[in-house]
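Just the heavy atoms: all of them, side chains too, but no hydrogens, waters or symmetry mates, feed the values below.
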Amino acid sequence: MKAQYLEAGKIVNTHGIAGEVKIIPWADGPEFLLDFDTLYIDGKPMEVQRARVHKNCVLAKLAGIDDINEAMKLKEKVVSIHRDDAKLEEGAFFLADLLGLEVRDADSGEVLGTLSEVLTPPASNVYVVTGGKHQHMIPAVPEFIVETNLDEGYLRVRLIEGM
């Protein structure tokens with residue numbers, strides 16, 4: 001079952017004295033978080049009054065957080081978004097939804113294991129598959145990923161010799 005809330009970043013500090021917080025985003029880029037009017041902290045909705053990108057972070061002013069003392073209470077808190085508020089491009093997935101998928105060989109149908117981790121180096125994501133005969137690290141590019149089926153819970157891949 002897909003989680004209703006998805007972790008999207010962490011508040012790492014305050015910014016200024018008016019209650020702004022500095023968020024390190026856990027997305028492809030900080031701009032992603034600017035699309036949300038509400039963020040969730042400890043399951044509680046927090047209205048975003050304003051937000052902007054600063055370096056690779058997001059500086060946000062949250063409703064009810066009006067001074068540095070209130071902002072300090074949020075330091076180290078994880079920021080989540082509601083799944084229904086997010087708009088993904090066609091063919092894009094939340095990494096959290098990929099974790100736990102059964103991974104199958106596209107040619108033989110053999111179950112290779114479970115997608116247990118997604119590495120995010122600069123070139124392209126890499127899927128780590130464990131729980132089978134071997135651990136596999138598979139680049140998340142069309143040459144290797146044949147089908148991603150979230151509804152039925154599997155990923156079909158085409159391996160090359162030596163993988």
### Summary
Here the pair of heavy atoms bringing Glu7 nearest to Ser80 is CA-OG, 3.8 Å
### Query
Can you find a heavy atom in the side chain of Ser116 that is under 4.5 Å from one in the side chain of Leu99?
no
### Task
Carefully, step by step, assess Lys61 and Asp66 under the rule side-chain contact (heavy atoms from CB on, under 4.5 Å).
CA-CA 8 Å; Lys61 172 66 176 80; Asp66 297 317; 3.0 Å; yes
### Message
In the structure I gave you, are the side-chain heavy atoms of Tyr5 and Arg83 within less than 4.5 Å of one another anywhere?
### Response
no
### Task
Show the numbers, then the answer: is there a salt bridge (charged side-chain N to carboxylate O under 4.0 Å, His left out) between Lys77 and Asp42?
CA-CA 8 Å; Lys77 296 279 187 179; Asp42 293 335; 2.7 Å; yes
### Task
Verify side-chain contact (heavy atoms from CB on, under 4.5 Å) between Leu150 and Phe93, making sure each step is shown before the conclusion.
CA-CA 9 Å; Leu150 294 180; Phe93 307 99; 3.3 Å; yes
### Message
I want to check something: taking the side chain as every heavy atom from C-beta on, are Val129 and Val157 in contact at a cut-off of under 4.5 Å?
### Response
no
### Message
Can you confirm whether Glu20 sits close enough to Arg52 that some side-chain heavy atom of one is under 4.5 Å from a side-chain heavy atom of the other?
### Response
yes
### Task
Check whether any side-chain heavy atom of Leu119 sits under 4.5 Å from a side-chain heavy atom of Tyr127, and report yes or no.
no
### Plane angle bin for Phe32 and Phe94 - parallel if under 30°, tilted between 30 and 60°, otherwise perpendicular
perpendicular
### Query
More than 12 foreign heavy atoms under 6.0 Å from CD1 of Ile17: is that the case here?
no
### Message
Is there a continuous path of hydrophobic side-chain contacts, each under 4.5 Å between heavy atoms, that joins Leu6 to Val78?
### Response
no
#### Entry: Parallel, tilted or perpendicular: ring planes of His54 versus His15, cut at 30 and 60 degrees
tilted
### Query
Between Leu59 and Val21, is any pair of side-chain heavy atoms under 4.5 Å apart?
no
### Task
Mind listing the closest non-hydrogen atom pair of Arg104 and Leu112 along with its distance?
C-CD1, 4.3 Å
### Task
Examine distances only and state if a side-chain atom of Asp105 and a backbone atom of Asp107 form a donor-acceptor pair shorter than 3.5 Å.
yes
### Query
Honestly curious: do Ile65 and Phe36 fall in one hydrophobic cluster under the side-chain, below-4.5 Å linking rule?
yes
### Summary
In this structure, CD of Gln4 is separated from OH of Tyr40 (nearest 0.5 Å) by 8.0 Å
### Summary
dist Ile68:CD1 -> Thr14:OG1 (nearest 0.5 Å) comes out at 4.0 Å
### same_hphob_cluster(Ile41, Leu33) at 4.5 Å side-chain heavy-atom cutoff
yes
#### Entry: Residue pair Tyr154 / Leu101: nearest heavy atoms and the distance that separates them
N-CD2, 3.7 Å
### Message
Looking at Ile138, is its backbone amide N or carbonyl O close enough to the side chain of His136 to form a donor-acceptor pair, meaning the two atoms are under 3.5 Å apart?
### Response
no
#### Entry: Closest contact, heavy atoms only, Cys57 versus Pro25
CA-CD, 4.1 Å
### Message
For residues Leu95 and Ile24: do they belong to one hydrophobic cluster (side chain heavy atoms under 4.5 Å, members Ile, Leu, Val, Met, Phe, Trp, Tyr)?
### Response
no
### Query
For Glu47, what residues pass the salt bridge (Lys or Arg N to Asp or Glu O under 4.0 Å) criterion, not counting sequence neighbours?
none
### Query
Who are the salt bridge (Lys or Arg N to Asp or Glu O under 4.0 Å) partners of Lys10, not counting sequence neighbours?
Glu76
### Message
Could you check whether atom NZ of Lys22 has more than 12 heavy atoms from other residues, nucleotides or ligands sitting under 6.0 Å from it?
### Response
no
### Over all atoms of both residues, closest heavy-atom pair of Thr114 and Val103
C-CG2, 4.2 Å
### Summary
Minimal heavy-atom distance between Pro30 and Val58, with the atoms involved, is O-CG2, 3.4 Å
### Message
The criterion is salt bridge (Lys or Arg N to Asp or Glu O under 4.0 Å); which residues satisfy it with Asp85, sequence neighbours excluded?
### Response
none
### Summary
Value for CD1 (Ile81) from CG (Asp35), rounded to nearest 0.5 Å, stands at 9.5 Å
### Summary
side chain to side chain contact (heavy atoms under 4.5 Å, CB included) with Ile23: of Ile11, Leu74, Val12, only one passes, and it is Ile11
### Task
Evaluate the criterion side-chain contact (heavy atoms from CB on, under 4.5 Å) for residue pair Val118 and Val126; output intermediate values, then yes/no.
CA-CA 6 Å; Val118 179; Val126 176; over 6 Å; no
### Shared hydrophobic cluster for Leu159 and Ile145 (ILVMFWY, side-chain gaps under 4.5 Å)
yes
### Among Leu34, Leu62, Asp37, the one residue meeting side chain to side chain contact (heavy atoms under 4.5 Å, CB included) with Val48
Leu62
